[in-house]
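To keep things clear, I will list the structure first and then write my remarks on it.
Keep in mind the model is a prediction, meaning the values are calculated, not measured. All chains are named by letter (A, B, ...) in the order of the sequence lines, taking the proteins before the strands, and each is independently numbered beginning at 1.
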Amino acid sequence: MKDTIIELLDAAGTQLKQQGILPQDTPLAIKVEPTKDKAHGDYASNLALTLAKPAGRKPRELAEALVAALPENGAIRQVDIAGPGFINFFAATDAVAQVVPSILDAGDTYGRSLSGQGQQVQVEFVSANPTGPLHVGHGRGAAIGDCLCRLLEATGFDVTREFYYNDAGAQIQNLALSVQARVQGLTPEAAEWPENGYRGAYIADVAKAYLAGETITADDREVTGKSDAKDLDAIQDFAVAYLRREQDLDLKAFGVAFDVYFLESSLYNDGKVDATVKALVDGGHTYEEDGATWLRTTDFGDDKDRVMRKKDGGYTYFLPDVAYHLDKWQRGFTTVINEQGADHHSTVTRVRAGLQALETGIPQGWPDYVLHQMVLVTRSGVEVKLSKRAGSYVTLRDLIDEVGRDATRFFLAARRADSQLTFDIDLARSQSNDNPVYYIQYAHARVCSMMRRAESDAKAFDHALGMQHLSRLDTEQEKDLMNRLARYPEVVERAAQTREPQQVAQYLMDLASDFHTCYNAVKVMVDDDELRNARLALGLATRQVLRNGLDLMGVSAPEEM
RNA sequence: GCGCUCAUAGCUCAACCGGAUAGAGCAACGGCCUUCUAAGCCGUAGGUUGCAGGUUCAAGUCCUGCUGGGCGCGCCA
């Protein structure tokens, strides 16, 4: 529908150019939007307003010329000029209703597109270090990252989900020491407990499993515990594997799976860090000062230069980051999206600067970043900070166990990443109209219920009959619903492009609302066979779009509630 | 102090690369279940879009400054 209108306007604009009303070289940047106010029709364009200046004419005058030049089209019932010069289009009912068969024919593929053309995209998200259970912030990253992947897949990209973790740094050392302390029978209260040791209850579990000689399988490694409290390396290997397995279980419970787990240590083992250093030094972007080696990141937009090799000879964390991203580039990902917490935002400029300094032809703004703000968890209006298992923070598992996977995923992905999020446990748990997840799922269940009713009343849906009488769907509510359904593909496309999964959530809320309104206003199970089947068809189309949209969010679409 | 980011109804949030009278839900008030799931619907009320300028035919949206919140500013990751 929208495309049709754009074509019509394009034809009209071209004609005006031929008539000399518009200068030949004026670009026709045609924008058509669904209207907010029904009095303005179904779609509106501001074309006359934007062309007024180059044409040197009054907007309304130009609008009239454009309308006069519009080719005839059966899909458009009426065209108005309103306000300062908007052109408003009223769609013919039959044309609007065509969305129903197109949804039913497309089924699960309705809303999907091939615009990504099979391009390889990598999305890195979560990337938690294996030092403890995943927390709410990781959960937000997991929800947003996974939805983004689903959106990209739905728009024709070849997506790789990647999880990067540091299995060798100071934090891991610290983890090993903490577990070792537990193995030796110490508790976090003891004076001998490692200074920056991890204090959560899970440390005791790791120690116990280690002593019991358990065998842990995580990623592609298998580690068996032993009773030796002295062997710190063995403890470290075991603890890392144990916590990686824990995190995997959390992610599995959340419905998130990764294609690649990338170890920071592999960058050292494969010589990629050294190669990166060499490239940077050879490129002349480094200098020695205070016994350390610095990278001149200020040449590439950073506000100060960064140390890349410390006085003690070790590398700073940002160097393997650069090596890692070079590796991503070399693996052929022209688009890479890093989903991270906003507390990492300083790495954005740094990593990009480091990549530029390599001079390997990586584009300036590469890679993309999606940063999410902090999550605050509340219960009964009070902030929740502790969990039994992790001690100092609320774990993702706590939320999944308490409010369920669907509500957790929806709540964490339904808001803009760059706004701070308050996760209200009471709200997420409530099985009532306050809860957006149930509101949407309820709409889906209602259609299912309607279909069951049709079956049991021996009035099962007659597809052919329904398709023949779609023009009977002529109430305001039905038209609103159909217009909403027609917008779905556009929403998916846009959400993928802007990397904003919350747009899908918002759309689903609106769609559910339109459906509930329609449901209350229009009775489906009427005796009139033609009317009933047309309405059942609309119900099925709505159910299909709800399903497709919920699937993009990773949320289930229950048949009954 | 510097950088990034956010600020919309009492609360939680929308507003589609600037577009017409800024929309939902919750909370408040008033209605709708002998009819397809009331986890729903309809209605009333609620706003100087943090403040001050600027650009534009048109600004919640873009620019500048300010105020306030979050995050970051280590040879930690």
What interatomic distance, in whole Å, is found between [atom1] of [M] and the corresponding atom of [N]?
{"N": "B:rG68", "M": "B:rC29", "atom1": "C1'", "value": "34 Å"}
{"N": "B:rG65", "M": "B:rG1", "atom1": "P", "value": "15 Å"}
{"N": "B:rU12", "M": "B:rA52", "atom1": "P", "value": "23 Å"}
{"N": "B:rC51", "M": "B:rU61", "atom1": "P", "value": "11 Å"}

Using the side-chain heavy atoms of [X], tell me which of these nucleotides is nearest: [options].
{"X": "A:E490", "options": "B:rA14, B:rC16, B:rG40", "result": "B:rC16"}
{"X": "A:Y519", "options": "B:rC36, B:rC16, B:rA14", "result": "B:rC36"}
{"X": "A:N46", "options": "B:rU37, B:rA20, B:rG19", "result": "B:rG19"}
{"X": "A:V524", "options": "B:rC36, B:rA39, B:rG19", "result": "B:rC36"}
{"X": "A:R453", "options": "B:rC36, B:rC16, B:rU56", "result": "B:rC36"}

Practice item. Could I get the full list of salt bridge (Lys or Arg N to Asp or Glu O under 4.0 Å) partners for A:R352, not counting sequence neighbours? Key: none
Is there side-chain contact between [X] and [Y], with at least one heavy-atom pair below 4.5 Å?
{"X": "A:R543", "Y": "A:M451", "result": "yes"}
{"X": "A:I81", "Y": "A:F86", "result": "no"}
{"X": "A:E478", "Y": "A:V522", "result": "yes"}

Has [X] got a side-chain N or O lying under 4.0 Å from the OP1 or OP2 atom of [N]?
{"X": "A:K36", "N": "B:rA22", "value": "no"}
{"X": "A:Y439", "N": "B:rC41", "value": "yes"}
{"X": "A:R60", "N": "B:rC57", "value": "no"}
{"X": "A:R446", "N": "B:rU37", "value": "no"}

Practice item. Answer yes or no: is there an ion pair linking A:R140 with A:E339, defined by an N-O contact shorter than 4.0 Å? Key: no
Before we go on, tell me: are the rings of [X] and [Y] under 6.0 Å apart, centre to centre?
{"X": "A:Y369", "Y": "A:H344", "value": "no"}
{"X": "A:F300", "Y": "A:H285", "value": "yes"}
{"X": "A:Y164", "Y": "A:Y324", "value": "yes"}
{"X": "A:F423", "Y": "A:F411", "value": "yes"}

Any base atoms under 4.0 Å from [X], or only sugar-phosphate, or nothing? Heavy atoms, all strands.
{"X": "A:E559", "answer": "base"}
{"X": "A:V447", "answer": "nothing"}
{"X": "A:A414", "answer": "nothing"}
{"X": "A:A44", "answer": "base"}
{"X": "A:T517", "answer": "sugar-phosphate"}
{"X": "A:S127", "answer": "nothing"}

Review point. Could you write nucleotides 61-67 of chain B as a row of B, S and -, 5' to 3', where a protein heavy atom under 4.0 Å of any base atom gives B, of only sugar-phosphate atoms gives S, and otherwise -?
Key: -------
Review point. Using a cut-off of 4.0 Å between protein heavy atoms and nucleotide atoms, how would you tag nucleotides 70-77 of chain B 5' to 3' with B, S and -?
Key: SBSS-BSB
Practice item. Would you list the pairs meeting salt bridge (Lys or Arg N to Asp or Glu O under 4.0 Å) in which at least one residue belongs to residues 370-380 of chain A, sequence neighbours left out? Key: A:R379-A:E402
Donor-acceptor pairs are to be reported for all side-chain atoms of residues 502-512 of chain A against protein atoms at under 3.5 Å, with residues two or more places apart or in another chain.
| from | atom 1 | to | atom 2 | distance (Å) |
| --- | --- | --- | --- | --- |
| A:Q502 | NE2 | A:E500 | OE1 | 3.4 |
| A:Q503 | NE2 | A:E500 | OE1 | 2.7 |
| A:Y507 | OH | A:R484 | O | 2.7 |

Review point. So does A:R494 reach the base of B:rC17 with its side chain, donor to acceptor, closer than 3.5 Å?
Key: no
Check your understanding: Donor-acceptor pair under 3.5 Å: do we get one between A:N88's side chain and the base of B:rA20?
Key -> yes
To the nearest angstrom, how far is [X] atom [atom1] from [N] atom [atom2]?
{"X": "A:Q503", "N": "B:rC16", "atom1": "CD", "atom2": "P", "result": "8 Å"}
{"X": "A:H444", "N": "B:rC36", "atom1": "NE2", "atom2": "C1'", "result": "16 Å"}
{"X": "A:L508", "N": "B:rC13", "atom1": "CG", "atom2": "P", "result": "19 Å"}
{"X": "A:D514", "N": "B:rG40", "atom1": "CG", "atom2": "C1'", "result": "14 Å"}
{"X": "A:L481", "N": "B:rC41", "atom1": "CG", "atom2": "C1'", "result": "15 Å"}
{"X": "A:R415", "N": "B:rA24", "atom1": "CZ", "atom2": "P", "result": "18 Å"}
{"X": "A:L47", "N": "B:rA20", "atom1": "CG", "atom2": "C1'", "result": "16 Å"}
{"X": "A:I5", "N": "B:rC16", "atom1": "CD1", "atom2": "C1'", "result": "15 Å"}

Revision key, fill the gap. For A:P59 and A:L49 the tightest heavy-atom approach is CB-CD2, 3.7 Å
Practice item. Can you see which heavy atom on A:H138 is nearest to which on A:A128, and at what distance? Key: NE2-CB, 3.4 Å
Revision key, fill the gap. Closest to the 5' end of RNA chain B, once A:S513 and A:G83 are matched to their nearest nucleotides, is A:G83
**Study point:** Toward the 5' end of RNA chain B, by each residue's nearest nucleotide, A:Y43 or A:K53
**Key:** A:Y43
Revision key, fill the gap. Assigned chi class of B:rC71 under the 90° convention is anti
Check your understanding: Would the number of heavy atoms belonging to other residues, nucleotides or ligands and lying under 6.0 Å from CD of A:Q364 be above 12?
Key -> no
Practice item. Can you run through RNA chain B from 5' to 3' and write each base as (, ), [, ], | or . depending on how it pairs? Watson-Crick or G-U wobble, both distances under 3.5 Å. Key: (((((((..((((.....[...)))).(((((.......))))).....(((((..]....))))))))))))....
Practice item. Could you check whether A:F86 and the base of B:rG19 form a stacked pair, meaning centres closer than 5.5 Å and planes differing by less than 30°? Key: no
Practice item. Would you kindly say whether A:Q441 and A:D406 are connected by a side-chain donor-acceptor distance under 3.5 Å? Key: yes
